[in-house]
Amino acid sequence: MQTYFYITHMQLSELELIRREKLSQLRALGINPYPADLYPVDNTSKKLKESFEEGKKVIIAGRLMSRRIQGKASFAELQDADGKIQVYFNRDEICPGEDKTLYNEVYKKLLDIGDFIGIEGELFKTQVGEKTVMVKNFMLLSKALKPLPQPRVDADGKVHDAFTDPEQRYRQRYADLVVNPHVKEVFVKRTKLFNAMRSFFNERGYFEVETPILQPIPGGAAAKPFVTHHNSLDIPLYMRIANELYLKRLIVGGFDGVYEFSKNFRNEGMDRTHNPEFTAMEIYVSYKDYNWMMDFCEQLLEFCAKEVNGTSKATFGKHEVDFKAPYPRVTMAQAIEKYTGFDITGKTEDEIREAALQMKIEVDDSMGKGKLIDEIFGEKCEANFIQPTFITDYPKEMSPLCKEHRDNPELTERFELMVCGKEVANAYSELNDPIDQRERFEAQLELANRGDEEATAFIDYDFLRALEYGMPPTSGMGIGMDRLIMFLTNNASIQEVLFFPQMRPEKKKVDMTEDEKLIFNILKVENPIALEALKTKTGLSNKKWDKAIKGLTKSKVASVEKTDGNLVVKTS
RNA sequence: GACUUGGUAGCUCAGCUGGUAGAGCACCUCACUUUUAAUGAGGUGGUCCUGGGUUCGAAUCCCAGCCAGGUCACCA
């Protein structure tokens, strides 16, 4: 028990120990640092600044974020959900009587930056004109035991000591949000985007639904799924990689338009633009085609951009992007011809492979015609589309869920929306011919067997059964929500737009090293013990011994004492 | 996965060819009743990411590993 106590104490920094000490001093004064009572807040920092009234009585609450103490008076900043406001603590205002404890002890000595406090006071303006709350009474609402990072802004608006280390910011997003208002703003915009899309769809009568996240067959996209296991059914289940096939089942079931914000999971690599879980929005509307969906998409995005940023324009890195509709529509063949000079129309697989080789694009025998075209597009064209552009009419082979093009059986009625060289949306005239769909699934299976990792290796027979009951002509679209919000908030990294991006687990620091435990176990048997004897018993090398015994004495588990000229080790 | 940069106090960072670990802010003590990066004086605070190696001596050099960022590849 004792060991545990000392070790845990060792891990606390001086600042943390001081705050714990303050905690017990507060309790000694009869102050509960974590009171249960409701605190009757009637204002926010934002409201106070917007509708300022000299002398108005207000009750606010928030975190203490900075303090400027000048003896018997002090200015501080209180931060609530809306921002910060200056508060003024004056000893004689807070303690009108003889007892000045509340100011001298509680406020000056026992409060810390980061503590939540409630304040009753009156509005006034300082000599410099700063809108301020004159504190008449205050109450500790919650004590902070860990010190926050403290970025400060100087007179020129320059930020000093900003909390910037990405690892710490992502692992401790709570701290990031407290001290970095611009980070909070990103997530406010994220939610605005979701709300904007919802209202756009709802106004048009489309219906928000929920479909399974645990699926027996992971369909609707080509991606490696996470596998889990259901105990009582004793079957494998997969975390969804897409929700497409379920939403189409609902169109079969008779809904005119359904949409879902779908948390998807893909067991693939992580990088600046990929997180294992991410959010897609998928919408399906019956009796429409992909031409209609392009109109719908550009109107949707213009609306969303304006709702989020107040303008259709957005800055992304060095690019200025304008989401104002309409967007250019370019077929894949036109795009390839424009950027490579090669016309793919009517060419055989071998001719295209030859062309790709001449463009120095890596190809292999597992690649079919569609895959080759996709490679050429990805390599030579994609990056050129900065302003929102619809790329249309993808090769059939790449699009197993998409209806064949009405004018060309080698193509499909599909578009992707490119922004800054990246895909933001993907849409089809949905394939609703059950026999064609079955053949496409089988072709995918064959591609998968041929070694194409992107091809789908599962056939969802229940989905085919649904199609056999009849699905009306339907157009569907998926939008990568994380990617879209990256564009709208000018963030190059997906981690900046997710509250809690996936990270490798933090390693727990061991309380005692193996060598320290070895020494400690000997001490438990023989205590005190001569230093030389102890060292011999451990059998440790000089270096290891030195390190281990210093570790123990430092954490005050053991101490070395000199008695009669002999060094003796004993536990503390 | 490859390459690359980094990990030193609560935060931001410095630390040269190896020689007793530093600064600013924060924190603690004192002074200061309208300041705003408040101010003045004094002080405390370190597993230099981890583990090996070289060396009389390693934050520094070498090897291996962990974590993170970036670039590229792969992948939606």
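Reckoned from all heavy atoms, side chains included, excluding hydrogens, waters and symmetry mates. Each chain gets a letter, A, B and so on, in the order the sequences are listed, and its residues count up from 1.
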Side chain of Ile69(A) (C-beta onward), nearest among U35(B), C32(B), C27(B): C32(B)

Candidate nucleotides U12(B), A68(B), U34(B), ranked by approach to the side chain of Thr164(A) - the nearest: U12(B)

Rounded C1' spacing from C61(B) to G15(B) in Å: 16 Å

Interatomic distance at C1', C72(B) relative to C27(B), whole Å: 45 Å

Options U36(B), U34(B), U33(B), nucleotide nearest the side-chain atoms of Asn90(A): U33(B)

Residue closer to the 5' end of RNA chain B, Phe278(A) versus Gln495(A) (nearest nucleotide): Gln495(A)

Distance in angstrom units between Gln168(A) CD and A9(B) P, rounded: 10 Å

Whole-Å distance separating the CG atom of Leu15(A) from the C1' atom of C27(B): 5 Å

Out of A26(B), U36(B), U34(B), whichever nucleotide has its closest atom nearest the side chain of Gln150(A): A26(B)

NZ/NE/NH1/NH2 to OD/OE distance under 4.0 Å, Lys57(A) and Glu122(A): yes

Euclidean distance, atom CD1 of residue Ile85(A) to atom C1' of U35(B) [Å, nearest integer]: 15 Å

Rounded distance in Å - CD (Glu167(A)) to P (C66(B)): 14 Å

Watson-Crick/G-U partner (both atom distances under 3.5 Å) of G43(B): C27(B)

Pairwise C1' distance, G10(B) and G53(B) [rounded to whole Å]: 34 Å

Sugar-phosphate, base or nothing in reach of Tyr88(A), heavy atoms under 4.0 Å: base

Ring-ring centroid check Tyr428(A) Tyr290(A), cutoff 6.0 Å: no

Polar side-chain contact Glu130(A)-U34(B) base: donor and acceptor under 3.5 Å: no

Whole-Å gap separating P (C27(B)) and CG (Leu145(A)): 16 Å

Sugar-phosphate, base or nothing in reach of Gln502(A), heavy atoms under 4.0 Å: nothing

Assigned partner base of U33(B), Watson-Crick or wobble definition, under 3.5 Å: none

Nearest listed nucleotide, side chain of Asp271(A), among C74(B), C28(B), G69(B): C74(B)

Identity of whatever pairs with G19(B) - Watson-Crick or G-U, under 3.5 angstrom: C56(B)

Test: Arg67(A) cationic atom under 6.0 Å from Tyr107(A) six-membered ring centre, within 45° of axis: yes

Side-chain N or O of Arg272(A) closer than 4.0 Å to phosphate OP1/OP2 of G69(B): no

Sugar-phosphate only, base, or nothing, as touched by Asp165(A) at under 4.0 Å among non-hydrogen atoms: sugar-phosphate

Near-ring test Tyr238(A)/Phe458(A), centroid separation under 6.0 angstrom: yes

Selection from A26(B), U35(B), U12(B) that lies nearest to any side-chain heavy atom of Ile113(A): A26(B)

Mutual orientation of the aromatic rings belonging to Phe138(A) and Phe89(A) [parallel < 30°, tilted 30-60°, perpendicular > 60°]: perpendicular

Minimum-distance nucleotide to Pro147(A) side chain [options: U34(B), A37(B), G10(B)]: G10(B)

Ring geometry between Tyr88(A) and Phe75(A) (parallel below 30°, tilted from 30 to 60°, perpendicular above 60°): tilted

Touch class at under 4.0 angstrom, heavy-atom based, for Ile18(A) against every strand present: sugar-phosphate

P-based separation of A23(B) from C66(B) [nearest Å]: 35 Å

Base paired to C3(B) (Watson-Crick or G-U; both N/O distances under 3.5 angstrom): G70(B)

Sidechain N-carboxylate O distance under 4.0 Å for Lys100(A), Asp92(A): yes

Nearest non-hydrogen partners of Pro400(A) and Leu431(A), listed with the distance: O-CD2, 3.9 Å

Separation of the C1' atoms in C30(B) and G52(B), to the nearest angstrom: 49 Å

Sugar-phosphate, base or nothing in reach of Glu14(A), heavy atoms under 4.0 Å: base

Of the listed nucleotides U35(B), A37(B), C75(B), the one nearest the side chain of Ala155(A): A37(B)

From C28(B), C67(B), A37(B), nucleotide with atom closest to Lys22(A) side chain: C28(B)

Candidate nucleotides A37(B), U33(B), C67(B), ranked by approach to the side chain of Arg91(A) - the nearest: U33(B)

Any Arg504(A) side-chain nitrogen or oxygen under 4.0 Å from OP1 or OP2 of C66(B): no

Inter-nucleotide P distance (G46(B), A41(B)), Å rounded: 25 Å

Inter-nucleotide P distance (C16(B), C62(B)), Å rounded: 14 Å

Pairwise C1' distance for G18(B) and G57(B), with rounding to whole Å: 8 Å

OP1 or OP2 of C30(B) under 4.0 Å from side-chain N/O of Lys109(A): yes

Touch class at under 4.0 angstrom, heavy-atom based, for Val179(A) against every strand present: nothing

Charged N-O contact under 4.0 Å between Glu21(A) and Arg19(A): no

Spacing of Gln70(A) atom CD relative to U34(B) atom P, expressed in whole Å: 6 Å

Asn104(A) CG to U29(B) C1', straight-line distance once rounded to whole Å: 15 Å

Side-chain (Asn264(A)) to main-chain (Phe278(A)) donor-acceptor, under 3.5 angstrom: no

Basic-acidic side-chain contact under 4.0 Å: Glu260(A), Arg240(A): yes

Gln127(A) or Arg483(A), whichever maps to the more 5' nucleotide of RNA chain B: Gln127(A)

Rounded distance (Å) that lies between atom P of C75(B) and atom CZ of Phe377(A): 16 Å

For nucleotides 22-24 of chain B, list the nitrogen or oxygen atoms of the protein found under 3.5 Å from its nitrogen or oxygen atoms, one pair per line.
residue, atom, partner, partner atom, Å
G24(B), N2, Asp161(A), OD1, 3.0
G24(B), N2, Asp161(A), OD2, 3.0

